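The structure displayed is predicted, hence computed values, not measured ones.
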Number of protein chains: 2
Amino acid sequence: MEYTIQKLGRMAGVSTRTLRYYDEIGLLRPARINSSGYRIYGPKEVDRLQQILFYRELGMSLEAIREVISSPSFDRVQALREHREKLLEKRAQLDLLLINVEKTIEACEGRIAMSDQEKFIGFKQKLVEENEEKYGREARDKYGDEAVDRANRKVLNMTKEQHEELESLSRELAETLRAAVKTGDPAGELAQKAADLHRKWLCFFWDEYSGEAHAGLARMYVEDERFRAYYDKDQPGTAAFLRDAILIYTGLKE
Amino acid sequence: MEYTIQKLGRMAGVSTRTLRYYDEIGLLRPARINSSGYRIYGPKEVDRLQQILFYRELGMSLEAIREVISSPSFDRVQALREHREKLLEKRAQLDLLLINVEKTIEACEGRIAMSDQEKFIGFKQKLVEENEEKYGREARDKYGDEAVDRANRKVLNMTKEQHEELESLSRELAETLRAAVKTGDPAGELAQKAADLHRKWLCFFWDEYSGEAHAGLARMYVEDERFRAYYDKDQPGTAAFLRDAILIYTGLKE
DNA sequence: AGTTGACATTAACGTAACGTAAAGGTGTAA
DNA sequence: TTACACCTTTACGTTACGTTAATGTCAACT
């Protein structure tokens, strides 16, 4: 099956300008040019465009997309599996946003209170997106001078190191918490380590740490059933366990 | 609670540059400037930023956001309810994309066939987004000269009229189909009207209509259990009913 | 045979929403 | 007092296209 630029655009839901731009930057070249200079796209281009749109949907830059799908080691099925994972992550984040908006409505109506922290839960998807952009380049640069370059510099929001630390911190927290819940003892070593990791994680966003605020957030995790359902979805009771651990950690257990 | 620019940025997950930009364009002004010229944000600004981020998440332009939330008739709770609806739509579209990626994986592995149309299911969210941008302005312009202006012009992808026609067509199709399913007769008048509406809807994207392709798409809706589950989610049996109606409509019932 | 009107082309300037860098003032902890 | 993380304004750069202009192509109607 062959398509002119408009037909392909209509089918895929993109403008002709977009397709010409993709041609211009070498991201998606037409299969051939007919005698009148028209761009003609074939089945291979259709599939490539689909791949491009998947990556675009996940917030990757066109430059990075081109590097990835033009790589000789590019594995289409593998890429699709990764898309699936990323789309699932995105949906989880969307669910958080939905909880957020529902809670905000109730807060507006004065039925519940809401901390400033809570008001921004679910907006952090950027962390995922930025991640992707960098991984594409890093693979090519093989952790070259860019890493060394940025190492000695401060960046506005977060340096790459901070970002990576945050990622590994999140993972460590999740693992520790999972193990701690199994012990069943919120005063135990593992649980207290989890509370400490949670404090460190918070300090990435807060920068004025107080035990009261920490404990307040912990209570909030549990008191609102919708958030609790989200946090408990892997292991029931996790939110309550973390709250108890934090209350002990901060010495505010009353 | 008061925040400096960086603290607010960290909490909300946006850069300081973004906050300064929002100040510059009058979208989010700080509560006050302290004696050193520092921007200080208060609780009202926190809430306003949250609103801005909700709208931004839904793809609205900053200009349109400002118009909406600065309007004297702006109702915060009403806006939040709309956010909820839009977020739910977005999640539904994400689910379609997930089905798409899963089907594509199977198609890559040669287990199933996939039409070119199917490959782009779930990428149409732009229709929703563009919609929003315009509604914001239209409310202000009161369908002024812009409508007249664009009326006589051809637009690359779709004119506003085409877009609106598509929207109303989609609604009409959904309603007709819902009523037709209740009759239970795919050869009946309502069902055939639904099939005709579906053909018109298709012609917005296809532009080369053929009964075979139409029937092929109809079969596809039903044969794949995942798509079927999606289309049947309001009323079970809808997909199969539509397929039967289309097979009769195209005279290709074999 | 001419005209219309939807399609296609290149070229080039415009735009949104910031990123990034430069040059410098502020606040506090060592 | 020196370091260093914070703040400021100014200004140019970037991405991913939108938009306009000027022009060629093609099938259909008159």
Side-chain angles (χ1 to χ4, degrees), chain A residues 2-10 13-28 30 32-41 52-53 55-57 59-66 126 129-130 133-134 136 146 149-150 152-160 162 207-208, chain B residues 2-10 13-28 30 32-41 52-53 55-57 59-66 126 129-130 133-134 146 149-150 152-160 162 203 207-208:
Chain A
E2 296 203 317
Y3 299 94
T4 58
I5 198 165
Q6 179 145 289
K7 289 180 185 178
L8 181 60
R10 279 271 171 95
V14 300
S15 72
T16 56
R17 176 69 174 98
T18 297
L19 290 175
R20 285 197 196 94
Y21 181 64
Y22 288 179
D23 182 7
E24 190 185 329
I25 63 172
L27 180 58
L28 181 67
R32 62 188 177 83
I33 307 288
N34 79 1
S35 59
S36 316
Y38 289 16
R39 291 173 179 82
I40 307 293
Y41 297 87
I52 291 169
L53 294 184
Y55 278 113
R56 196 182 67 164
E57 181 76 17
M60 214 162 153
S61 78
L62 300 183
E63 173 68 11
I65 295 176
R66 194 184 49 184
K126 287 209 206 164
E129 289 180 21
E130 279 179 38
E133 277 189 69
K134 281 171 190 163
E146 200 200 26
D149 180 24
R150 299 227 170 192
N152 312 359
R153 266 172 36 209
K154 44 193 152 186
V155 182
L156 286 167
N157 245 8
M158 250 185 240
T159 67
K160 198 162 82 178
Q162 283 180 330
D207 95 349
E208 261 175 4
Chain B
E2 296 203 317
Y3 299 95
T4 59
I5 197 164
Q6 178 145 290
K7 288 180 185 177
L8 181 60
R10 277 273 171 97
V14 301
S15 72
T16 56
R17 176 66 173 99
T18 296
L19 290 175
R20 284 195 199 96
Y21 181 65
Y22 290 179
D23 182 8
E24 190 184 329
I25 64 172
L27 179 59
L28 181 69
R32 61 189 179 84
I33 306 288
N34 79 1
S35 59
S36 317
Y38 289 16
R39 291 173 178 80
I40 307 293
Y41 298 87
I52 292 168
L53 294 184
Y55 279 114
R56 195 182 69 164
E57 181 75 18
M60 215 160 149
S61 78
L62 300 183
E63 172 69 12
I65 295 175
R66 194 185 49 185
K126 287 209 207 163
E129 289 181 18
E130 279 179 40
E133 275 189 71
K134 281 171 191 163
E146 201 199 26
D149 180 23
R150 299 227 169 193
N152 315 357
R153 267 173 30 212
K154 44 193 153 185
V155 182
L156 287 167
N157 246 9
M158 252 185 238
T159 67
K160 198 163 82 177
Q162 283 180 331
C203 287
D207 96 348
E208 262 174 4

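Side-chain nitrogen and oxygen atoms of Ser15(A) include none within less than 4.0 Å of the OP1 or OP2 phosphate oxygen of dC17(D). Note on Gln6(A): a side-chain N or O is less than 4.0 Å away from OP1 or OP2 of dA8(C). The phosphate of dA8(C) has OP1 or OP2 within less than 4.0 Å of a side-chain N or O from Thr4(A). Contact annotation: Ser61(A) side-chain N/O to dT14(D) OP1/OP2 distance is not under 4.0 Å. Regarding contacts with the backbone of dT10(C), a side-chain N or O of Arg39(A) is found under 4.0 angstrom from either OP1 or OP2. Contact annotation: Arg56(B) reaches the phosphate of dC18(C) (side-chain N/O to OP1 or OP2, under 4.0 Å).
The nearest heavy atom of DNA chain C to Ser35(B) and to Gly37(A) marks one nucleotide each, and the one closer to the 5' end goes with Gly37(A). Both Tyr21(A) and Ser36(B) lie close to DNA chain D; mapped to their nearest nucleotides by heavy-atom distance, the more 5′-ward contact belongs to Ser36(B). In terms of position along DNA chain C, the nucleotide closest to Ile5(A) lies nearer the 5' end than the nucleotide closest to the other residue of the pair Leu62(B) and Ile5(A).
Distance CZ (Arg32(A)) to P (dT9(C)): 13 Å, rounded to an integer number of Å. The NZ-C1' distance, from Lys7(A) to dA8(C), rounds to 12 Å in whole Å. Atom CZ in Arg10(A) sits about 14 Å away from atom C1' in dA8(C), given to the nearest Å. Here dA16(D) presents its P atom at 10 Å from CZ of Arg66(A), a figure rounded to the nearest Å. Atom CD1 of Ile33(A) and atom P of dA8(C) are 13 Å apart (whole Å). Distance, Arg20(A) CZ to dT10(C) C1': 9 Å, rounded to whole Å. Between Met60(A) atom CE and dT15(D) atom P the separation is 15 Å, expressed in whole Å. In this entry the distance linking CD1 of Ile40(A) with P of dT25(D) reads 15 Å, nearest Å.
Qualifying ring-ring contact (aromatic ring centres under 6.0 Å, His included) partners for Tyr55(A), counting only residues two or more places apart in sequence or in other chains: His83(A).
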Report each atom pair, protein N/O against N/O of nucleotides 22-25 of chain C, whose distance is under 3.5 angstrom.
from: dG25(C); atom 1: N2; to: Tyr38(B); atom 2: OH; distance (Å): 3.0

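For the pair Tyr22(B) and Leu62(B), the tightest heavy-atom approach, listed with the atom from each and the gap, is CE2-CD1, 3.4 Å. Considering every non-hydrogen atom in both Ile5(B) and Leu19(B), the closest pair reads O-CD1, 3.3 Å. Between Thr16(B) and Gln6(B), the closest heavy-atom pair is CG2-CA, 3.9 Å. Taking all atoms of both residues into account, the shortest heavy-atom contact from Gly26(B) to Arg66(B) is O-CD, 3.6 Å.
Rounding to the nearest 0.5 Å gives a distance of 11.0 Å between CG of Leu28(A) and OG1 of Thr18(A). Rounded to the nearest 0.5 Å, atoms CE (Met60(B)) and CD (Glu63(B)) are 10.0 Å apart. Going from atom CZ of Arg56(B) over to atom CD1 of Ile65(B) covers 8.0 Å, rounded to the nearest 0.5 Å.
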Residues Arg39(A), Ile33(A); criterion side chain to side chain contact (heavy atoms under 4.5 Å, CB included); working and verdict: CA-CA 5 Å; Arg39(A) 291 173 179 82; Ile33(A) 307 288; 4.1 Å; yes
Side chain to side chain contact (heavy atoms under 4.5 Å, CB included) between Glu2(B) and Asn34(B): does it pass, once the steps are laid out? CA-CA 12 Å; Glu2(B) 296 203 317; Asn34(B) 79 1; over 6 Å; no
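Stretches of at least 3 consecutive Watson-Crick or G-U wobble pairs, with each checked distance under 3.5 Å, appear in DNA chain D as C:1-30 with D:1-30.
The base of dT19(D) sits within donor-acceptor range of the side chain of Arg17(A), with an N or O pair under 3.5 Å.
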